[in-house]
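All remarks here apply to the structure that follows.
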There are 2 protein chains.
Amino acid sequence: MTVTPQAAFRALADPTRRDILMMLRGQELTIAQVAENFDMTRAAVKKHLVVLRDGGMIRTRPSGRERINSIDPAGMAPVLDWLTAFDLFWDDRLAALRQAIEEEDKK
Amino acid sequence: MTVTPQAAFRALADPTRRDILMMLRGQELTIAQVAENFDMTRAAVKKHLVVLRDGGMIRTRPSGRERINSIDPAGMAPVLDWLTAFDLFWDDRLAALRQAIEEEDKK
DNA sequence: CACACGTGATACCTTTTGGTTTCACGTATG
DNA sequence: CATACGTGAAACCAAAAGGTATCACGTGTG
């Protein structure tokens, strides 16, 4: 199941899905628990979770009659890779980052 | 005209638009020149350029009867900011980046 | 000035997307 | 075993997205 860059970018394109990712950043949640935080049906949230899964952003593990969703740390890689390849803006960011790191190393 | 993160993510969600950004990475192009590279009408490409502009990814400057499109380096900032705030995967990337920079500094 | 050229804008069409409702199914639990 | 619970899946709907064709308009150019 190779995750295409397109699936990854699509997963990030919806604000609800980005919120779900943020929500899952520190904790694992069942679909029902995720749905509690949104003003939409569980079914709608489920669909978003499927898109996130197709994009490689989350993993789902069954536990009894529940499904536990957690972030897939590797999922962001295709996006990062594209941004790196794009690399125009990257120069500035890299420069700032390099400086920050060097400053920190001086301590 | 504040660019919402949503507009930025939306701009990146379409493969044609990402291709356009890549195409604009090194050169400035008129809409007609951009359109030459795709199997779709100029009007369709124009729409993509509008979305990219709304997302803050490109700038358009008039030159006679032409419009010259170029990348806006600052456009990627909202995306980068979100990814940084998301920061789970970031750890690995940052670690690798830090190491690469430190290695280079030793030379 | 007449006219070709590059673009902007609009109407229109089809497909995708985000959402709902409803029902079937496996899993706990009284 | 009966039943409540969490989920999966399908049918359906409205709105958004991606595309086309077409026309209007400013800008060069013969």
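Order of the sequence lines fixes the chain letters, A, B, ..., with proteins taken first and strands second; residue numbering starts at 1 for each chain.
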Backbone N/O of B/S70 and side chain of B/Q27: donor-acceptor pair under 3.5 Å: no
Which pairs, with at least one residue in residues 55-68 of chain B and sequence neighbours excluded, count as a side-chain hydrogen bond (donor to acceptor under 3.5 Å, both in side chains)? B/E28-B/R61, B/T60-B/N69
What is the distance from atom CE of B/M76 to atom CG of B/L21, rounded to the nearest 0.5 Å? 5.5 Å
B/M40 versus B/V45, closest heavy-atom pair with distance: CG-CG2, 3.8 Å
Using only side-chain N and O atoms of A/T41, determine if any of them is under 4.0 Å from OP1 or OP2 of C/dG19. no
When every non-hydrogen atom of B/V34 is compared with those of B/M23, the smallest separation belongs to O-SD, 4.3 Å
Contact summary for B/A35 and B/R42, nearest pair of heavy atoms: CB-CA, 4.0 Å
Separation of atom CD in A/Q6 from atom C1' in C/dT17, rounded to whole Å: 13 Å
In residues 42-51 of chain B, what residues come within less than 4.0 Å of DNA chain D, judged by heavy atoms? B/A43, B/A44, B/K47, B/H48
With 3.5 Å as the limit, what N/O pairs link the protein to nucleotides 26-30 of chain D?
unit_1	atom_1	unit_2	atom_2	d
D/dT27	O2	B/R65	NH1	3.4

What nitrogen or oxygen pairs link the protein and nucleotides 15-17 of chain D at under 3.5 Å?
unit_1	atom_1	unit_2	atom_2	d
D/dA17	OP1	B/R10	NE	3.4

Is there a path of hydrophobic side-chain contacts, each under 4.5 Å between heavy atoms, that joins B/M22 and A/V79? yes
For DNA chain C, determine which residues of residues 29-39 of chain A have any heavy atom closer than 4.0 angstrom to one of its atoms, and list them numerically. none
In short, B/G56 meets B/D72 closest at the heavy-atom pair O-CB, 3.4 Å
So which atom in B/I58 and which in B/L49 form the shortest heavy-atom distance, rounded to 0.1 Å? CD1-O, 3.5 Å
If you round to the nearest 0.5 Å, how far is CZ of A/R10 from CG of A/L52? 9.5 Å
Among A/D19, A/I20, A/I31, which one satisfies side-chain contact (heavy atoms from CB on, under 4.5 Å) with A/H48? A/I20
For the student: nearest non-hydrogen atoms of A/R17 and A/A11, plus distance: NE-O, 3.0 Å
ring-ring contact (aromatic ring centres under 6.0 Å, His included) contacts in which one or both residues fall within residues 9-41 of chain A, not counting sequence neighbours: A/F9-A/W82
In whole angstroms, how far is the P atom of C/dC25 from the CZ atom of A/R67? 15 Å
